[in-house]
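Below is one structure; the comments refer to it alone.
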Number of protein chains: 2
Amino acid sequence: MDAIDRLLVRLLEEDARRTYNELSAQVRLSANTVADRVRRLRAAGVIRGFRADLDPAALGRGLTMVSDVRLREDVDRTHFERELHRVPQVVSGARMTGEYDYQLRLACLGPAEFETVVDRLKREHGVRELRSRLVLHELDVSATGLLDLA
Amino acid sequence: MDAIDRLLVRLLEEDARRTYNELSAQVRLSANTVADRVRRLRAAGVIRGFRADLDPAALGRGLTMVSDVRLREDVDRTHFERELHRVPQVVSGARMTGEYDYQLRLACLGPAEFETVVDRLKREHGVRELRSRLVLHELDVSATGLLDLA
DNA sequence: AATGAAAGCACACTGGT
DNA sequence: ACCAGTGTGCTTTCATT
């Protein structure tokens, strides 16, 4: 994980579809060596994968809510986590310390859909309490931050 | 934005480096047409870009905190949002409704670094109050959700 | 919008320093 | 770890429907 690896990661973070050839020109190594390095970064788990970055709004999901969630005492967390992918509006989530057990991010068509999601989480997934707020807008914080101290 | 576009988006969401050739085999159109469709999806803003998905832990940032933030009355939100990228530990953020003004996600080396970030946000960025909790682990919710109703 | 043909590139191998 | 050469496969452009 030297300076060149960090540069490669940064370039792929900007545009994951850059060719090895293009990368090689930037880092002044052969395309071959670059491909090797990228494979190593993947194998090491630094790069988890390459994803298309989608705009929920452009897909009609203009309403994003962040919901803190507390589960009922009797529900199994592992089970909750496994079953959560059945609710398509849940776009991410994390277990957290603090007053609540999880924080979920919900991308919805509108308030009506959010309402059905709330009901569903309570009815089918053992959610006891739910504290939600609306995302007004996302900040773009140029994801290069992860590399500045790595 | 028909069913084929949705399938393409899903495939690129799984692996953004799939070739047009591979995609063409999946959707039973020519590679050419697939490339056209993907370009259109980009132009339409449905696909914002292609990103390498990095593991903060593998980069040494093993401590992720979620912090709700309230700004001092006198600070300009636009300015706050523009200057935030100077704090490399801030990996994402959003303006929100509710008791707090923003929610930030902070990827830190450890508690000591988090402490310096807290101080810096208060000293340099007009943060008045900060309510933080630790991310225990992220859930993986197979990001296909955005497409199931799109 | 979709297709096929063909030129130009990029990629994965192998082998070699 | 890095590089060069080679064959194969990919992307792109253009003409066509």
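Below, chain A is the first sequence line, B the second, and so on; all start at residue 1. All values reported here derive from a predicted model rather than from experimental measurement.
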Partner residues of A/S92 under the side-chain hydrogen bond (donor to acceptor under 3.5 Å, both in side chains) criterion, sequence neighbours left out: none
Pairing residues for A/F80 by the ring-ring contact (aromatic ring centres under 6.0 Å, His included) criterion, not counting sequence neighbours: A/Y102
Sequence-distant partners of B/R77, salt bridge (charged side-chain N to carboxylate O under 4.0 Å, His left out), two or more places apart: none
With sequence neighbours excluded, tell me which residues meet side chain to side chain contact (heavy atoms under 4.5 Å, CB included) with [X].
X: A/I4; result: A/D2, A/L8, A/V27, A/L29, A/R37
X: A/R131; result: A/D68, A/Y100, B/E99
X: B/V66; result: A/M96, A/Q103, B/Q103, B/R105, B/R133, B/V135
X: B/Q26; result: B/L11

Contact residues, residues 18-48 of chain B to DNA chain C [heavy atom, < 4.0 Å]: B/L29, B/S30, B/N32, B/T33, B/R37, B/R40
Pairs satisfying salt bridge (charged side-chain N to carboxylate O under 4.0 Å, His left out), at least one member in residues 22-33 of chain B, at least two apart: B/R18-B/E22
All N/O pairs under 3.5 Å across the protein-nucleotides 15-17 of chain D interface:
none

Only distances under 3.5 Å count here; give the side-chain donor-acceptor pairs of residues 38-47 of chain B to other protein atoms, sequence neighbours excluded, each with its distance to 0.1 Å.
residue, atom, partner, partner atom, Å
B/R39, NH2, B/D36, OD1, 3.3

Terminal axes of the helix from C/dA1-D/dT17 to C/dT17-D/dA1 (five pairs each): angle between them, nearest 10 degrees: 40°
Salt bridge A/E73-A/R128, side-chain N to carboxylate O under 4.0 Å: yes
A/R17 CZ to C/dC9 C1', straight-line distance once rounded to whole Å: 15 Å
